[in-house]
Amino acid sequence: MDLNSLNAPQRDAVMRTEGPVLILAGAGSGKTRVLTTRIGYLIDEKKVLPANILAITFTNKAANEMRERVEETVESSTKDMWINTFHSCCVKILRRDINKIGYNRSFVIYDATDQATLVKDCMKELDISDKLFDVKGVISQISSAKDKLISPRRFKEQYRSDVRMDKVADIYTLYQDRLKRNSALDFDDLIVKTIELFRKNEDVLKYYRNKFRYIMVDEYQDTSHAQYEFVRLLACEHQNICVVGDDDQSIYGWRGADIKNILEFEKDYENVHIVKLEQNYRSTQVILDAANHIISNNTERKSKKLWSDKEGGKLVKICQLDNEIDEGDFVCSKIDELVRKEKRSLNDFAVLYRANAQARAIEDALNRAMISYNIYGGTKFYERKEIKDLIAYLRVIVNPQDDISVKRIINVPARGIGLKTIEKMEDRASLKQESIYSVLLDAEDNSDLSTRAKAKVNGFIDIMSILRSSAEVYSVSELIDYTMKLTGYLKDLEDNRDKNEKLSNGKYDEYQDRIDNLKELISIALEFENSEEIEGEKNLQTFLENVALSSDADGEESESRVSLMTMHTSKGLEFPVVFIVGMEENLFPISRAVKSMSDTAIEEERRLCYVAITRAEEELFITNVRNRTLYGKRNVAIQSRFIEELPENSIETIGVVDEGLSYSRATYNVLDKYTKKYKKSMNMDFLSKNVKATKIEGNKEGSDLTLKDSVKAGSKIYHSKFGKGTVVARNGNDLTVAFANKGIKRLNIEYTVFEVLSI
DNA sequence: TCGGCACAAATTTTT
DNA sequence: TTTGTGCCGA
């Protein structure tokens with residue numbers, strides 16, 4: 001085990017294996033390395049069995065990465081070691097023993113959408129208008145109660161005098177009841193029920209306490225009270241608990257993360273050994289100065305100061321633009337410039353913003369500039385309607401008690417079972433204290449239903465019965481394929497697609513898109529079946545569990561692209577060049593935080609700013625605009641206070657002097673029209689550099705795109721960042737182009753050329 | 001039962 | 001501006 005490459009505090013953190021340890025790990029201080037080395041040290045040097053180690057992270061990505069890196073360090077197999085997210089760890093525990101607290105072991109996991117549906121149902125049942133009670137608000141109150149381990153009963157007692165909260169308490173109570181009846185747990189329950197299991201079953205707790213002799217928790221600043229309690233229950237006896245976190249990077253307070261957990265770790269455990277990792281291996285000193293300076297405006301924090309041995313560095317550049325369109329163009333021109341002058345690859349860049357809505361303007365600009373990009377976030381694969389529908393079928397196959405899923409699919413595709421029928425079945429179900437599915441099963445004896453309705457219901461039940469028996473012999477992928485076909489779901493989409501085609505209304509067929517997504521689901525299932533990393537049996541239930549607990553279905557990113565994401569999403573990542581856009585009051589810090597007038601809210605925004613800044617390794621650009629159109633409304637914007645909080649000697653204000661902004665109005669409009677109109681109708685993203693498709697089908701103007709390979713001296717460039725021009729010479733990807741009003745310019749075909757013939 | 005239309009809401013989201 | 005939701009008429 002080589003510990004020499006570690007710095008002194010890092011080594012200390014690795015070798016201090018006994019007793020409670022708090023590692024305050026600043027951004028970029030190598031905490032993952034410390035954690036993985038520590039695990040390796042435990043196994044190789046301290047001869048701790050992998051089975052006695054528990055490492056908890058927040059994301060699957062982090063968990064996978066950690067396991068991979070531990071595997072690189074240690075000889076022995078890491079199979080027996082638990083490296084999990086909080087949630088998957090709890091699922092593993094619950095699958096074994098949840099029956100001890102009265103739940104069905106084949107429970108399903110409800111995601112946020114299912115949760116919302118169920119809450120709405122509960123409100124309806126209690127005759128609580130969703131006009132008076134904001135559903136979102138109710139959900140967050142329930143969720144926050146669960147995070148704090150407040151049971152429905154205690155919640156009710158606590159708010160006895162508050163009429164409004166009393167209603168919420170009723171919803172909470174009914175909601176929990178329904179979850180149980182559906183054999184379902186929501187994300188919060190996974191933690192809460194595990195704690196309940198531990199508290200009510202000493203032997204179970206004892207078993208895990210004894211098993212997990214060494215516990216490590218990553219991103220400790222993001223733990224909720226419930227997660228804190230889960231860890232405490234396991235660790236309080238042997239006290240070999242090592243938590244890693246950075247209070248300055250706590251940006252999920254609104255999701256129940258309790259910053260007190262890290263600030264008060266010393267009070268919760270005795271003789272805590274504290275290690276501060278302050279040496280940053282990621283960024284230049286200039287960038288760190290900026291970050292340190294910003295964060296020093298916060299009061300509630302453990303003092304720490306990042307430093308780097310990478311002295312100096314380029315100054316942080318601040319640029320003010322007129323509006324978000326210019327802002328996007330600015331970003332593009334800088335990217336273009338750095339790609340050309342400094343031979344940067346597109347992978348080197350990230351554009352970070354506060355709200356997803358900002359992405360559009362950036363995207364449009366990148367499209368116009370023909371720079372390929374990846375957007376992170378947005379609608380997730382598993383949240384797409386068609387995927388959720390298919391998953392709902394699978395869930396009902398596993399667990400027919402799941403009313404929410406039954407209701408989702410009973411009339412999808414349309415089979416003539418309307419709202420009235422469903423309502424009747426629901427009423428009957430709640431009267432008989434049974435699941436909807438079981439009521440459907442004996443529709444024949446149901447006098448509420450017309451003959452017609454009975455027939456329809458029986459049709460559905462027949463399909464489901466066939467599927468349920470098929471599940472016993474089919475693999476997951478086969479079952480998905482079969483479900484798509486048997487239920488007519490696929491045919492429904494195909495019919496719609498064909499109908500659309502006939503109308504040829506120019507719209508890209510979203511139906512084909514959905515069909516593709518379903519095919520993607522099948523290949524995910526195939527991957528699952530062939531994967532060696534999946535824990536447990538490879539049955540349908542395990543598959544659903546994997547689906548429920550993972551958000552990122554996207555895989556390979558071979559091509560070099562600029563990354564676009566929110567600042568929240570960027571946590572844990574790093575990029576040589578970072579753009580932080582939209583640095584304006586009421587956007588960042590976000591208006592709610594400004595209006596709330598609470599320091600807590602602003603401080604969290606500031607931490608977010610700290611996170612964003614520390615993503616940058618070498619260069620950082622910060623932009624703000626004077627006029628921002630957001631949600632279709634134009635607003636005059638004021639520069640963010642965070643800009644004023646930057647240290648003067650680390651920054652430099654720059655004006656726009658870049659040629660890249662000089663699109664002619666006409667070019668601009670055409671490009672914009674093109675990108676919007678045809679992007680989707682091509683079989684590939686034609687703006688990405690691997691342009692394969694050259695013809696635009698159904699193009700009313702009758703124009704063609706030309707393969708980049710065919711561009712040579714004499715070719716006409718109809719659209720580029722400089723407008724129209726003629727190619728004078730070509731040398732590989734470098735073009736020399738003559739422009740009517742700009743003279744001779746150099747363009748790189750990979751990024752800047754967009755040739756359109758006969759427009 | 002379904003499509004169309006008016007109306008409202010729109011931070012951030014690891015699981 | 002975009003997206004979702006609820007209500008109404010065919």
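Numbered from 1 within each chain, the chains take letters A, B, ... in sequence-line order. On a predicted model such as this, the values are computed, not experimentally measured, just so you know.
Residues A:Asp121 and A:Lys407 are paired through a salt bridge, judged by an N-O separation under 4.0 Å between the basic side chain and the carboxylate. Using a cut-off of 4.0 Å between Lys/Arg side-chain N and Asp/Glu carboxylate O, A:Lys61 and A:Glu65 are scored as not salt-bridged. Ion pairing between a basic and an acidic side chain is recognised when a charged N comes within 4.0 Å of a carboxylate O; A:Glu219 and A:Lys571 show such pairing.
Residue A:Gln221 comes nearest to A:Gly245 through the heavy atom pair OE1-CA, 3.1 Å, listed as atom of the first residue, atom of the second, then distance.
For A:Arg514 and A:Tyr489, the positive end is not near the middle of the six-membered ring at less than 6.0 Å and at most 45° from its axis.
A distance below 6.0 Å separates the ring centres of A:His568 and A:Tyr252.
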Report the C-alpha separation of A:Asn374 and A:Ser563 in whole Å, then their side-chain angles, then the decisive distance to 0.1 Å, and conclude whether the side chain to side chain donor-acceptor pair (under 3.5 Å) test is met.
CA-CA 5 Å; A:Asn374 261 338; A:Ser563 298; 6.0 Å; no
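With respect to A:Glu545, the side-chain hydrogen bond (donor to acceptor under 3.5 Å, both in side chains) criterion is satisfied by exactly one of A:His87, A:Lys92, A:Arg95: A:Arg95.
Among the nucleotides B:dT13, B:dT15, B:dT11, the one closest to the side chain of A:Thr569 is B:dT13. When the nucleotides B:dT12, C:dC7, B:dT11 are ranked by their closest atom to the side chain of A:Thr566, B:dT12 comes out on top. Nearest nucleotide to the A:Asn411 side chain, out of B:dC2, B:dT11, B:dA10: B:dC2. Residue A:Leu549 has its side chain nearest to B:dT15 when only B:dT11, B:dT15, B:dT13 are considered. Taking the side chain of A:Phe187 as heavy atoms from C-beta on, and the options B:dT15, C:dC7, B:dT11, the nearest nucleotide is B:dT15.
In this structure, A:Trp254 forms an aromatic stack with the base of B:dT12, since both conditions hold: centre separation below 5.5 Å and plane angle below 30°.
When heavy atoms are screened at a 4.0 angstrom cut-off, A:Leu190 is found touching no nucleic acid atom at all. Using a 4.0 Å heavy-atom criterion, one finds that A:Tyr252 contacts the bases of the nucleic acid, with or without backbone contacts as well. Among the atoms of the strands shown, only primed sugar atoms or phosphate atoms (P, OP1, OP2) are found under 4.0 Å from some heavy atom of A:Ala414.
Only A:Arg354, A:Ala355, A:Asn356, listed by number, bring a heavy atom of residues 350-359 of chain A to less than 4.0 angstrom from any atom of DNA chain B. A heavy atom lying under 4.0 Å from DNA chain B marks none of the residues of residues 607-616 of chain A.
Residue A:Tyr631 places no side-chain N or O under 4.0 Å from the OP1 or OP2 atom of C:dT3.
Summarising the geometry, the separation between CD1 on A:Ile417 and C1' on B:dC2 is reported as 16 Å, rounded to the nearest angstrom.
Nearer to the 5' terminus of DNA chain B, by closest-nucleotide assignment, is the contact made by A:Arg415 (compared with the other of A:His568 and A:Arg415).
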